[in-house]
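Proteins get letters first, then strands, A, B, ... in listed order; numbering begins at 1 in each.
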2 protein chains.
Amino acid sequence: MDVTIKDVARAAGVSASTVSRVLSGNPKISPETQEKVRLVLRNLKYHPHAGARSLVTGSSRTIGLVTSRPGAETFANPFFPEVIRGICSVLEVAGYNLVLSTAQGEANQRKSCLDMLRSRHVDGVILTSSRLGDELIDALVSEGRNFVLIGRPADKAGNLSHPAVYAVNNDNILAAAVATAHLVSGGHRRIAFVTGPQHWVYCYDRLQGYRQGLSQAGLPLDPALVQQGNITQQDGNRAVDRLFSLPEPPTAILAMDDTLALGALEAAQRRGLRVPADLAVAGFNDSPIASWTRPTLTTVRIPVFDLGAMAARMLAGLLDGTHARPHQVILPSEIIIRESTAGN
Amino acid sequence: MDVTIKDVARAAGVSASTVSRVLSGNPKISPETQEKVRLVLRNLKYHPHAGARSLVTGSSRTIGLVTSRPGAETFANPFFPEVIRGICSVLEVAGYNLVLSTAQGEANQRKSCLDMLRSRHVDGVILTSSRLGDELIDALVSEGRNFVLIGRPADKAGNLSHPAVYAVNNDNILAAAVATAHLVSGGHRRIAFVTGPQHWVYCYDRLQGYRQGLSQAGLPLDPALVQQGNITQQDGNRAVDRLFSLPEPPTAILAMDDTLALGALEAAQRRGLRVPADLAVAGFNDSPIASWTRPTLTTVRIPVFDLGAMAARMLAGLLDGTHARPHQVILPSEIIIRESTAGN
DNA sequence: GAACTCATGCCATACGTTTGCACAACCCGT
DNA sequence: ACGGGTTGTGCAAACGTATGGCATGAGTTC
């Protein structure tokens, strides 16, 4: 059997409570006793029982991670491992473990997340993305749970919905507007937008940014130029096919994800279009592939590692009571201009 | 406060033990009582306290994941997210949660892994890779822990070390030998091998496969043609630089990872070499980038998702006592021949 | 109607920890 | 010598759950 705090107490000739206090660094224990207990702790290779501890303290030094992005995207671009790396880099020094939800699908994930909190008693949760009118966020708020969102809490109409929710995000609207402006500055007047499911806030926001970019340039929005699908290469292909069956095809495509941009690039070249001469293409995320395509791909770089690290830092601070700071923080993104839009 | 099993018992007019037995599906409870209790469980939104449960049962329906690969590789290729996807796909239906070790560095990870088992009482562990003479494996074996290795347990000399350890792997030796044979069949006689740190078993194995491939073709092994570094693009660059400062440079390069192959490709082209005419290049892993390079990259495809799923399946079976099957399973890999070796 | 079986559900205990409270020992100033 | 404060340590209760053994009562058999 495992060695318990009582075994240590007996071996050290003190009471269990004393051992517990030594463990928790309680200053009211005399140095000699501390030494004595510490020695025994080491000799007996004592390891605290996290379950028992959480039973009485209510906390488990554990936080949950919900990766509510669609599976295809999750592994197609480096978002997922990068954000985890960022989170771990902070959590390691803060002394928390990370529990992953293994659930797939919206309803399952919502259930799984709430379960981590209610049953497994994780101290808090990080969500890696949000939906318009996200029910999980509603539930977490109404239960008063500690959590940080990577993204932005938005209602069904796309407006900021829970202003008190801790969130870390990049300004997707601005980023898409900047990318659109970049294409405009290349002389483009008919710019298409290829996007994913609009229930994802980040998809929605990037579309808003595109619209904003157009209107700032005084360009009309042609609904036929907005192509929506899932976030796969094949959807990128399809978008190009549809766009080029239009009476007046676009001269530039802004895709809300590199995966889509890749698909668009592929389809364009298969059609014999020269990129960027006949069609400019830009993407989002600066995935490693973006610098290997021919032509290389213009894209918006998102600080994914920092997004994760900041979220973890906020959550850890929140739990330790050391974070009274702003509820929402925006990290800067950066447009990386490469050959696929070198049309100036 | 949370609703406990006693609250349910009181509301249902039964004892706590009865509720517990209903929860665990004990057949000695009459159907009527079961219904009554189930109703109250739902009404009161009861959620079991995992900590308390693990305190008495010793198990936590949780398994740990140790990602002992170097950070650079972890996020450069899709190995990490893919293997997690595979693991989760199985664990979700088996009803386990996944705890990630957040530790970095060998010693920390070893400590963190053992800690998950001893303190957090995870029921088992999956290791995503192994070292020659891996001390973590020794420790796990000597403590009699339940774990599955993705890879192969090897001693300092590279020989199979713990034959009873559950492991799932692809045959890296064979795969590298096949890749080497492919290059040989393209007429190459001077084939270089670019590899990573030899303390990783999979690096070591792929080197063995390369040697084996050479000797099967009756070719000598020239130590100068074996370049070792870390697993980054830059190391791929450097390898080419060194290889082409040799009096007799190679006509083909086999890299043990696509990241290295990418770096090699880049450096070769910067030197004005035509690939594959002047230099053939092949990699490992079939990362998405491999089909976007010019020329596209020949590579060995590893069934990463299946590796994860199989490991999870073995571990879950092991814990439920339903797995008496083989201790070591080998999954097939496949060479994907593309332009970068189209030299026949 | 007694003895016996059997299904059903309760009691008590155990799991390993933390923590409020009590208390013993000591020091200090009077 | 005495009261009043410290300082260090132990006692015991609590956290929420699972489970072996036992009590209860109904049904069965002679």
query = Looking for any heavy atom pair under 4.0 Å, which part of the strands does B/I29 touch: base, sugar-phosphate only, or nothing?
reply = sugar-phosphate

query = Just how far, in rounded Å, is P of C/dG16 from CG of A/D7?
reply = 8 Å

task = Calculate the interatomic distance between B/R120 atom CZ and C/dT17 atom P; express it in whole Å.
result = 14 Å

key: A/R61 with A/D320: basic N within carboxylate O range, under 4.0 Å   = yes

inquiry  = For D/dC11 and A/S17 - does any side-chain N or O of the residue sit under 4.0 Å from the phosphate oxygens OP1/OP2?
reply    = no

A/S20 side-chain N/O to C/dT17 phosphate OP1/OP2 under 4.0 Å = no

Compile the donor-acceptor pairs under 3.5 Å between side chains in residues 39-48 of chain B and protein atoms, sequence neighbours left out, one pair per line.
residue: B/H47; atom: NE2; partner: A/R118; partner atom: NE; Å: 3.1

query = Taking only side-chain nitrogens and oxygens of A/T4, does any of them come within less than 4.0 Å of OP1 or OP2 of C/dG16?
reply = no

key: Whether over 12 other heavy atoms sit under 6.0 Å from A/K111 NZ   = no

ask   = Is a side-chain donor-acceptor pair under 3.5 Å present for B/S15 with B/T18?
value = yes

ask   = Which of residues 38-62 of chain A sit near DNA chain C, with a heavy atom under 4.0 Å from it?
value = A/Y46, A/H47, A/P48, A/H49, A/A52, A/R53, A/L55, A/V56, A/T57

Ion pair A/R110/A/E106, N-O distance below 4.0 Å = yes

key: pair B/S101-B/M116: side-chain heavy atoms closer than 4.5 Å   = yes

task = Would you mind reading off the distance between A/D2 atom CG and C/dA14 atom P, rounded to a whole angstrom?
result = 19 Å

key: OP1 or OP2 of C/dT8 under 4.0 Å from side-chain N/O of B/T33   = no

ask   = How close or far is atom P of D/dT17 from atom NE2 of B/H121, stated in whole angstroms?
value = 18 Å

request  = Report yes if a side-chain nitrogen or oxygen of A/T18 is closer than 4.0 Å to either non-bridging phosphate oxygen (OP1 or OP2) of D/dG10; otherwise report no.
outcome  = yes

remark   = Between NZ of B/K6 and C1' of C/dT13 the distance, given in whole Å, is 12 Å

inquiry  = In this structure, how many angstroms lie between the C1' atom of C/dT17 and the CG atom of A/L23, rounded?
reply    = 10 Å

message = Please compare A/V19 and B/K36 by the position of their nearest nucleotide in DNA chain C and report the one closer to 5'.
response = B/K36

key: Atom-pair distance (CD1 on B/I5; C1' on D/dA18), nearest Å   = 8 Å

task = Check whether any side-chain heavy atom of A/L55 sits under 4.5 Å from a side-chain heavy atom of B/H49, and report yes or no.
result = yes

request  = State whether A/S24 places a side-chain N or O below 4.0 Å from either non-bridging phosphate oxygen (OP1 or OP2) of C/dT18.
outcome  = no

key: Distance-only donor-acceptor test, B/R21 side-chain atoms vs D/dG20 base atoms, 3.5 Å   = yes

note = Rounded to whole Å, the CD-C1' distance (B/E32 to C/dG9) equals 13 Å

